[in-house]
Visitor: 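If you scroll down you'll find the structure; I have some questions about it.
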Amino acid sequence: MDTSVFERYESEVRSYCRSFPTVFSRAKGSTLTDGDGKSYIDFFCGAGALNYGHNNEYIKRKVIDYMEADGVVHALDMYTEAKSDFIDFFQNKVLIPRGFDYKIQFPGPTGTNAVEAALKLARKVKGRSGIFALMGAFHGMTLGALALTTDAGSRGGAGVSLGDVTHIPAPYMFKGLDVIGYMQTLLDDDHSGVDKPAALVIETVQAEGGIYVFENEFLRGAEKFCRDNDILLIVDDIQVGCARTGTYFSFERAGIVPDIAVLSKSIGGYGMPFSLVLLRPELDKWSPGEHNGTFRGYQPSIVAAKAGLEFMLSEHIEDRVAHLGEIFRDFLENKVASLDSRIAIRGMGCIWGVDFAAFGDDTSAKVMRACFAKGLIVERVGRNNSVVKLMPPLVISEEELIRGLEILASAVAECI
């Protein structure tokens, strides 16, 4: 299809379109279709923003009904019926049944803005500027969140120094390294040169870092480390939350309770821009308007978010993800990793990675291009983009999931 209008007029900053060079015209469920009528199984899922699929009928109807009734669209942070309904549902159907006591903050409608708010609050509450984050992390592209993020390509675009963050080796990086003990040494050793931080920020599964699932023991150790040292634990659940790993919050499996958790992407229900900061009530030290934004709490997104939660609970999406995760594991281990001993498989629930780092070349890029040619959309992540990330909508049928995995296996066999 003709892409010249984009190539002529759109900024060179565009990225995903370079990997998927066609013009898409419609989307439904787990499938994208281009203007030539070719369909693609979507294992990209809007970078995790479309957990309930493209144009989910239940959510779409709720949003359309709201708009047709002239519901409030823009309200800053004023009280509205839509916001009241969302807060009540989220508290009583999601948070309280899981034993979480959080207040809800509506920041600007992007994940990176939620991270910025969490960092500002942690620094305000603790009176310290430093933050601990893990190597391999991705937390956003605005300056505060970018300071946490470690990939060189993202950091290189900042144009200024990125400070007040100490990056800690991730648990998978050095065999035998006690990461919790290492952090404790940084605090206890008067020659470490590292000051006590306000917070430790983690993802329970490093997605952009290469699909690394952190063990429950490590997550519990991180929580204890923070409690023992008067440090706040912030969990970034923007990409791997909203049932992606098999429970609504990815940290539920470890039985931990972060001081602050941030959500975006699929909390918007329909691919709508929305984000939340969840914070323990005693941490709510904000002054009115101290972190604001013109489009915080965008009302159609709030309507879609509540509908998404209703759909998630009524359709038992968490149980479904656990089941699909077993299909993923079985197929990838037996029909992909078995193709070559150098291939590594990692993941859980409906987020998986196929790691080609051991090949030492551009195999992952070849696989991604071959998948696209065969009708499957996947992206690459991790060091040197060596990992092919698999992240379909959580509503994908077993049959379509297996078709997509068969395309992947065919592409891998063709490219290695």
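FYI, the numbering just counts along the sequence from 1. FYI, side chains are in, hydrogens and waters are out, and symmetry mates aren't considered; it's all heavy atoms of this structure.
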Visitor: With a 6.0 Å cut-off (strictly less than), is the heavy-atom count around NZ of Lys60, excluding the residue itself, greater than 12?
Guide: yes

Visitor: Side chains of Val205 and Glu203: does their closest heavy-atom pair fall under 4.5 Å?
Guide: no

Visitor: So with a 6.0 Å cut-off around CD of Glu217, is the heavy-atom count from everything else above 12?
Guide: no

Visitor: Nearest heavy-atom pair of Gln206 and Ala170: which atoms, and what distance?
Guide: NE2-CB, 4.3 Å

Visitor: Who pairs with Pro197 by side-chain contact (heavy atoms from CB on, under 4.5 Å), at least two apart in sequence or on another chain?
Guide: Phe132, Leu187, Ile231

Visitor: Do we see a donor-acceptor contact under 3.5 Å between the side chains of Glu400 and Thr31?
Guide: yes

Visitor: Taking the six-membered ring where the residue is Trp, are the ring centres of Tyr52 and Tyr58 under 6.0 Å apart?
Guide: no

Visitor: Look at the rings of Tyr298 and Phe295 and say which category their plane angle falls in: under 30° parallel, 30 to 60° tilted, over 60° perpendicular.
Guide: perpendicular

Visitor: Which residues pass the side-chain contact (heavy atoms from CB on, under 4.5 Å) test with Phe100, sequence neighbours left out?
Guide: Leu95, Arg98, Tyr102, Phe249, Phe251, Glu252, Val257

Visitor: Which one of Arg369, Lys366, Lys374 satisfies the salt bridge (charged side-chain N to carboxylate O under 4.0 Å, His left out) criterion with Glu414?
Guide: Lys374

Visitor: Is Lys124 atom NZ crowded by more than 12 heavy atoms from other residues, nucleotides or ligands, each under 6.0 Å away?
Guide: yes

Visitor: With heavy-atom distances below 4.5 Å as the criterion, would you say the side chains of Val23 and Phe6 are in contact?
Guide: yes

Visitor: Above 12 or not: heavy atoms from other molecules or residues under 6.0 Å from CG of Asp228?
Guide: yes

Visitor: Between Phe89 and Phe86, is the gap from one ring center to the other below 6.0 Å?
Guide: no

Visitor: Using 30° and 60° as the class limits, which term best fits the ring planes of Phe214 and Phe218: parallel, tilted or perpendicular?
Guide: perpendicular

Visitor: Among side-chain atoms of Gln239 and Glu208, is any donor-acceptor pair under 3.5 angstrom?
Guide: yes

Visitor: Check each of Arg346, Arg342, Arg383 against Asp355 using the side chain to side chain donor-acceptor pair (under 3.5 Å) test, and report the only one that passes.
Guide: Arg346

Visitor: Show, in sequence, the C-alpha distance, side-chain angles and deciding distance for Glu12 and Arg14, and conclude whether the salt bridge (Lys or Arg N to Asp or Glu O under 4.0 Å) test is met.
Guide: CA-CA 5 Å; Glu12 292 300 317; Arg14 63 191 188 278; 3.8 Å; yes

